[in-house]
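First the proteins, then the strands, lettered A, B, ... as listed; each starts at 1.
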Amino acid sequence: MCGRFTLTADANDLQQAFDLRTIPTTITARYNIAPTQPVAVIANDAPHDLTFFQWGLVPSWAKDTSIASKLINARAETLHEKPSFRSAYKRRRCLIPANGFYEWAKTPTGKKPMYIHLKDHQVFAFAGLWESWHSPDGDEIRSCTIITTTPNALIKPLHHRMAVILNPANYDLWLSGEELPPDILAPLLKPYPSDEMIAYEVSPHVNNVGNDTPDLIQPYHPPTQGMMF
DNA sequence: CCAGACGTTGTT
DNA sequence: GTCTGG
DNA sequence: CCAGACGTTGTT
DNA sequence: GTCTGG
């Protein structure tokens with residue numbers, strides 16, 4: 001799945017990768033983006049602008065925002081039928097730029113965090129959905145969720161779900177505001193090729209959402225357990 | 001008709 | 001908002 | 001995703 | 001154990 005990720009590309013890289021109208025001025029390198037935080041998105045209602053939405057979908061009918069942290073991911077297989085996602089799937093799709101993401105691999109000694117990124121180090125885009133929610137006092141909250149699918153060979157040992165990374169050739173189609181037939185969109189939501197990605201262990205510092213520094217993505221070699229005699 | 005849910009991951 | 005369960 | 005809280009009444 | 005906050 002995807003519960004933590006990075007966005008370290010600079011403004012020029014982002015403008016180029018996503019054909020943005022202007023060079024973003026509000027972007028800073030992030031090494032530990034967590035649910036409920038603002039994330040950079042390119043939404044289909046302004047497909048050449050980078051904006052910030054809250055991570056965790058709040059459907060328009062929600063009474064409050066407490067549902068958000070449960071809706072940080074959306075299963076690709078059932079988007080069209082789930083009340084929380086289907087209207088966004090029809091009309092409110094977005095790109096969520098990232099340079100990499102974290103997975104926590106279960107081991108007999110506990111969970112160890114892994115960092116995964118593209119071999120060519122390029123910025124990529126998760127397939128996302130977005131919503132606009134109006135609070136009782138009239139504020140608008142825009143939120144988003146990251147779509148997941150089955151894992152590729154690299155991720156499979158770590159988790160049974162992985163985030164959808166879109167092929168750049170499909171950015172325009174994904175961002176069309178049209179209600180497209182299922183057989184047009186569904187093929188985009190497939191596992192990214194594992195031979196273009198790499199994974200390695202990182203320090204448990206990433207566990208704490210308050211940590212957000214470049215050392216989080218450095219390869220980590222856990223101290224070996226000494227003999228106790 | 002109204003009331004209540006609406007989700008994922010992971011674990012059992 | 002829209003569907004399901006009662 | 002992980003970390004941290006998990007309660008009330010009343011007082012400052 | 002389960003929910004909330006980040």
What does A:Leu57 touch in the nucleic acid at a heavy-atom separation under 4.0 angstrom: a base, only the sugar-phosphate, or nothing?
-> nothing
With heavy atoms under 4.0 Å as the rule, sort A:Trp61 into base, sugar-phosphate or nothing.
-> base
[X] and [Y]: side chain donor to acceptor below 3.5 Å:
X        : Y        : answer
A:Thr6   : A:Tyr102 : no
A:Trp130 : A:Asn44  : yes
A:Arg21  : A:Gln15  : no

Please report the distance, rounded to the nearest Å, between [atom1] in [X] and [atom2] in [N].
X        : N     : atom1 : atom2 : answer
A:Trp55  : E:dT4 : CH2   : P     : 18 Å
A:Leu216 : D:dC2 : CG    : P     : 15 Å
A:Lys156 : B:dT9 : NZ    : P     : 15 Å
A:Asp64  : E:dT4 : CG    : C1'   : 12 Å
A:Lys111 : D:dC2 : NZ    : C1'   : 8 Å
A:Lys106 : D:dC1 : NZ    : P     : 8 Å
A:Asn208 : D:dA5 : CG    : P     : 12 Å
A:Arg4   : E:dG6 : CZ    : C1'   : 8 Å

How far, in whole Å, is [M] from [N] if one measures between their [atom1] atoms?
N     : M      : atom1 : answer
D:dC6 : B:dG7  : P     : 29 Å
E:dC3 : B:dA5  : P     : 13 Å
B:dA3 : D:dT11 : C1'   : 41 Å
D:dC1 : B:dT8  : C1'   : 11 Å

Which class fits the ring pair A:Tyr89 and A:Trp174: parallel under 30°, tilted 30 to 60°, perpendicular over 60°?
-> tilted
By side-chain contact (heavy atoms from CB on, under 4.5 Å), which residues pair with A:Glu77, not counting sequence neighbours?
-> A:Arg75, A:Thr150, A:Arg161
Residues at least two apart in sequence or cross-chain that pass side-chain contact (heavy atoms from CB on, under 4.5 Å) with A:Thr107, listed by chain then number, are A:Thr109, A:Lys112
Can you tell me if [X] touches the phosphate of [N], counting only side-chain N or O atoms and a distance under 4.0 Å to OP1 or OP2?
X        : N     : value
A:Arg75  : B:dT8 : no
A:Thr148 : B:dT9 : yes
A:Asn207 : D:dA3 : yes

Nearest to the side chain of A:Leu71 - E:dG6, B:dG7, D:dC2?
-> B:dG7
Residue A:Asn211 excluded, over 12 heavy atoms near CG under 6.0 Å = yes
State which residues pass ring-ring contact (aromatic ring centres under 6.0 Å, His included) with A:Phe5; sequence neighbours excluded, sorted by chain then number.
-> A:Trp55, A:Phe126
For DNA chain B, which residues in residues 76-87 of chain A have a heavy atom at a distance below 4.0 Å?
-> A:Thr78, A:Lys82, A:Pro83, A:Ser84, A:Phe85
NZ/NE/NH1/NH2 to OD/OE distance under 4.0 Å, A:Asp45 and A:Arg91 | no
Hey, where does DNA chain D pair up into stems, meaning at least three consecutive Watson-Crick or G-U pairs with distances under 3.5 Å?
-> D:1-6 with E:1-6
For A:Glu178, check salt bridge (charged side-chain N to carboxylate O under 4.0 Å, His left out) against everything at least two apart and list the hits.
-> none
